[in-house]
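Below: one structure, written as structure tokens.
Lettering follows sequence order; numbering is per chain, from 1. All heavy atoms count here, side chains included; hydrogens, waters and symmetry mates do not. Only a predicted model underlies this, so the values are computations on that prediction, with no experimental measurement involved.
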Amino acid sequence: MKDDIVIYTGSFGSGKTELAINQSIKAIKKKEKVVIVDLDIVNPYFRSREMREKLKELGIKVVAPPGKFAMADIPLISPEIKGTIQDSDRLLLLDVGGDDVGAKSLASFYTVLKDTGYQMNLVINPYRPFTKNSAEILTMLREIEISSRLKINGLISNPNLGSQTDLELITRGHKIVKDVSKQINLPVKYLAIEQTIYEKIDKHQFEEPIFVLQRYMKLPWDEKNK
Amino acid sequence: MAKVVIDREKCKGCELCTLVCPQNILVMSKSFNKKSYHPVEQINPEKCTGCAFCAMTCPDVAIEVYK
Amino acid sequence: MAEKVLMKGNEAIGEAAIHAGCRYYFGYPITPQSELTAYMAKRLLKIEGAAFIQAESEIAAINMVYGTAATGGRVMTSSSSPGISLKQEGISYIACAELPCLVVNMQRGGPGLGSIQPAQQDYFQATKGGGHGDYHLIVLAPSSVQELVDLTIKAFDLADKYRNPAMVLGDGLLGQMMEPVEFREKKNADLPSKEDWALGSCKGREPRKVVPFNLDPYELEKLVAKIGKKFEKMQDEVEYELINMDNPDIIIVAYGTVARVARTTIQKAKQEGINIGLIRPITLYPFPYKIINQYADKVKHILVSEMSLGQMLEDVKLAVEGKTKVSFYGRTGGVVISPTEILQEVKKILK
Amino acid sequence: MNKVFSRPKSLVDIPFTYCPGCHHGIIHRLIAEVLDEFNIREDTIGIAPVGCSVFAYLFFDCDMICAAHGRAPATATGIKRAKPDNIVFSYQGDGDLASIGTAEIIHAANRGEKITVIFVNNAIYGMTGGQMAPTTLEGQITQTSPYGRDSKTMGMPIRMCELLSTLNTPSYISRVALTKPSYIIKAKKAIKKAFQFQIDGKGFSLVEVLSTCPTNWGLSPQEANEWLDKNMIPYYPLGEFKNSEEVS
């Protein structure tokens with residue numbers, strides 16, 4: 001399993017884009033070349049391409065449809081993607097669209113990825129509809145694997161209710177993810193906790209590593225950084 | 001023994017029934033109905049076989065048939 | 001209390017509709033509301049006796065709604081701006097036939113194919129009829145995902161109460177953003193029975209006819225006047241929110257997403273010693289003329305802000321009756337207004 | 001003596017609004033007879049179109065709704081999906097079904113909606129005063145094809161039965177005419193079969209009825225019948241195009 005190609009899949013709104021952006025910002029401090037591929041062909045808004053300029057300043061490359069096509073709702077797969085996957089000496093983060101529908105965009109790269117190897121994560125927020133319990137999560141996992149033609153090899157636990165997240169809620173949600181992990185014998189790579197909440201809670205109770213998340217995809221009333 | 005009953009007021013005088021009557025016993029009346037159409041009427045009623053072709057063809061469902 | 005879920009606005013509308021007893025959905029995908037169509041497919045196709053159809057067009061979808069509405073079924077369709085334009089003839093028929101249904105419009109930039117970014121350019125179309133003829137829709141304008149839930153449920157009830165199509169007028173941003181929501185125990189609104197007009201089996205009663213026309217102008221006039229009476233009655237349903245209205249320097253009137261942005265502006269302005277009030281219409285039809293008129297006496301300036309070239313502006317001006325100055329700040333084409341931009345505009349006015 | 005032919009009960013006892021000799025009245029009667037014979041009047045919901053038969057809602061003694069022009073199959077779909085136990089039929093003309101409502105009929109048929117469609121094809125727009133229909137014959141003069149329908153610029157008349165029969169899902173598609181008693185007897189059978197398919201929950205059924213428009217054709221009712229026989233039937237052959245009960 002190669003660890004310089006990391007794929008984020010999961011249900012709509014499970015937190016894939018935020019995680020990919022956060023990981024890229026963390027990684028650029030240690031690695032010279034970090035690339036995010038925006039493979040989201042299903043969401044019209046809140047895609048990593050919206051952060052393209054800001055990430056560029058930090059030295060992170062966002063591969064997404066160019067210029068005015070970035071704001072379109074056509075399933076544009078950038079021609080650079082294949083080359084970027086085959087390229088070495090870089091950390092590649094693939095931000096995929098939601099559900100099995102979004103994961104389908106991976107399937108066309110199957111022939112490349114099966115040779116290069118990859119890490120494929122399933123991002124789980126059990127407070128989202130259709131991934132509320134282990135049965136639903138397993139269905140989602142299977143559907144994503146079928147449509148992407150790839151194998152998920154790790155889980156990322158991202159239990160949150162947006163601004164209303166608290167410790168109790170994280171603990172309860174995280175347990176659901178851990179149960180799934182045990183059931184199918186896939187590791188929980190880490191538990192993601194938003195920074196403002198992380199600062200307030202006792203984090204020693206969690207066995208898994210904690211990834212502290214910052215919210216970059218802000219809403220207009222949060223005074224979005226342009 | 002058969003009989004047709006024509007609703008003079010429903011008849012619009014289209015004449016289609018007269019064309020399908022095998023006995024040729026339906027003719028247009030010289031008089032008018034309230035809608036100012038010449039309604040159809042039967043002559044030689046004893047010849048009627050009750051085949052109901054006239055009723056079947058009537059676009060205004062103005063004919064009843066007894067047998 | 002019900003469990004909270006983190007939902008996208010579009011999904012939340014879908015779940016709210018099902019919560020409200022809606023079992024029939026007919027729609028056609030269009031960005032940025034397609035998640036709602038997909039959500040309804042996922043849910044309704046698993047409910048016995050329910051119907052979901054991805055129609056061949058928006059036109060077909062609204063006419064399926066017309067059919068189901070005539071049978072008394074709780075039914076909805078949804079789309080975004082260009083798709084809503086296509087539905088207008090059908091909506092006009094439904095209004096004329098006095099049938100209840102819900103139409104959701106998650107607006108995007110226009111005119112034409114426009115953009116897929118959020119906008120508020122369909123205010124005129126939503127509140128002034130939209131299709132041909134003399135009618136109005138009941139129009140509710142949510143500004144959070146929870147409100148998408150609450151107002152979707154309310155819209156169904158109001159549609160039933162007045163036997164008139166209702167619209168939830170959101171925008172792409174509200175549809176795409178995620179917020180925690182809960183689905184509260186449904187209070188059973190005291191709604192009129194559909195038993196005395198719905199189509200079905202006519203055993204034991206006279207056959208019923210749903211006829212959205214009358215070729216005799218005097219008869220049609222009677223029908224339109226009767227429908228008109230309902231719009232008078234609807235004025236009781238006016239709903240709005242007042243924020244920071246204690247002796248403000250200026251009042252902003254904004255709905256939906258822009259109202260949400262304006263709340264941040266109010267906070268920012270406070271830090272600079274500026275006191276901004278906000279009137280947020282929740283019902284766009286009926287429009288809260290009265291409350292705006294009352295405040296027009298008390299404030300030197302009203303600023304209307306919309307993601308359009310100024311549409312609700314006209315209703316605010318009607319409400320103000322020239323009693324105070326009315327300005328406008330808008331962005332259009334799918335550009336979302338920022339809190340800072342509104343604050344700058346306020347400062348310019350107050351200077 | 002017994003009454004062997006009388007007005008069906010499902011037909012309201014008021015005069016039709018149609019011109020003398022127009023076939024709409026015969027088609028109405030046939031439908032009403034079928035409703036009587038199956039004893040389904042009280043469970044039937046009919047859909048009237050926009051066109052000459054816009055007043056069809058007055059003539060059938062069952063629940064009725066008037067659809068927007070061309071949208072009857074969509075409206076029927078909405079009704080049938082909400083009321084699967086009711087019998088739903090739409091009554092549509094050639095402008096309604098074969099022009100403005102082409103998308104709706106094709107997709108309702110393709111979804112296999114369990115509805116019955118009665119399609120009245122008289123090769124002209126009657127209501128609006130005799131304009132060209134999608135089914136107007138080549139060379140036929142109408143208000144909007146004043147020099148005759150020219151296939152080079154106006155296309156060829158659409159054969160809806162043939163077109164719809166290319167779909168897999170419809171259960172029953174048939175074309176009939178009414179110009180002589182033997183045809184009328186066949187037409188009645190076809191309409192009855194179409195409703196039978198729906199009653200049995202078998203899916204989409206459609207009967208196209210070739211009919212006359214003496215007024216807009218500028219012919220007497222008799223001449224109109226003759227014109228139909230001579231010109232329409234050769235182009236629009238009669239018969240069953242689809243019958244899912246018969247193994248082909």
What I want to find out is whether Lys347(C) reaches Glu272(C) closely enough, with some N-O distance under 4.0 Å, to be called a salt bridge. yes

Using a strict threshold of under 4.0 Å (side-chain N to carboxylate O), is an ion pair present between Glu15(C) and Arg43(C)? yes

Looking at side-chain heavy atoms only, is the closest gap between Met245(C) and Ile279(C) below 4.5 Å? yes

Trace of the side chain to side chain donor-acceptor pair (under 3.5 Å) decision for Gln54(C) with Thr37(C): CA-CA 8 Å; Gln54(C) 178 175 324; Thr37(C) 312; over 6 Å; no

Given that the side chain runs from C-beta out, which part of Met178(C) has a heavy atom under 4.5 Å from chain A: side chain, backbone, both or neither? side chain

If the condition is salt bridge (charged side-chain N to carboxylate O under 4.0 Å, His left out), which residues does Lys42(C) pass it with, not counting sequence neighbours? Asp99(A)

Taking atom CD1 of Ile276(C) and atom CD1 of Ile243(C), what is their separation to the nearest 0.5 Å? 12.0 Å

Using a heavy-atom distance cut-off of less than 4.5 Å, which residues of residues 159-167 of chain A contact chain C? Asn160(A), Leu161(A), Gly162(A), Gln164(A)

Neighbours of chain C found in residues 8-21 of chain A - heavy atoms under 4.5 Å: Phe12(A), Gly13(A)

For chain C, find which of Phe130(A), Tyr45(A), Phe46(A) contributes the most heavy-atom pairs closer than 4.5 angstrom. Tyr45(A)

Just distance, no hydrogens or angles: give the donor-acceptor pairs under 3.5 Å from side chains in residues 258-267 of chain C, sequence neighbours left out.
from      : atom 1 : to        : atom 2 : distance (Å)
Arg260(C) : NH1    : Ser143(C) : O      : 2.9
Arg260(C) : NH1    : Glu179(C) : OE2    : 3.2
Arg260(C) : NH2    : Glu179(C) : OE2    : 2.3
Arg263(C) : NH2    : Glu241(C) : OE1    : 3.1
Arg263(C) : NH2    : Glu241(C) : OE2    : 2.7
Thr264(C) : OG1    : Trp221(A) : O      : 2.8
Thr265(C) : OG1    : Val261(C) : O      : 3.3
Thr265(C) : OG1    : Pro339(C) : O      : 3.1

Is chain A contacted by the side chain of Gln176(C), its backbone, both, or neither, given a heavy-atom distance below 4.5 Å? both

Which bit of Leu173(C) is near chain A, if near means a heavy-atom gap under 4.5 Å: side chain, backbone, both or neither? both

Evaluate the ring pair (Phe, Tyr, Trp, His ring centres under 6.0 Å) criterion for residues Tyr190(A) and Phe206(A): first the C-alpha distance (whole Å), next the side-chain angles of each, then the deciding distance (0.1 Å), finally the verdict. CA-CA 10 Å; Tyr190(A) 53 82; Phe206(A) 300 109; over 10 Å; no

Rounding to 0.5 Å, atoms CD (Gln214(A)) and CD (Gln195(A)) come to a distance of 4.5 Å

4.5 Å side-chain heavy-atom contact, Lys104(A) and Asp100(A): no

side-chain contact (heavy atoms from CB on, under 4.5 Å) evaluation trace for Tyr329(C) with Leu303(C): CA-CA 7 Å; Tyr329(C) 182 76; Leu303(C) 172 65; 4.1 Å; yes

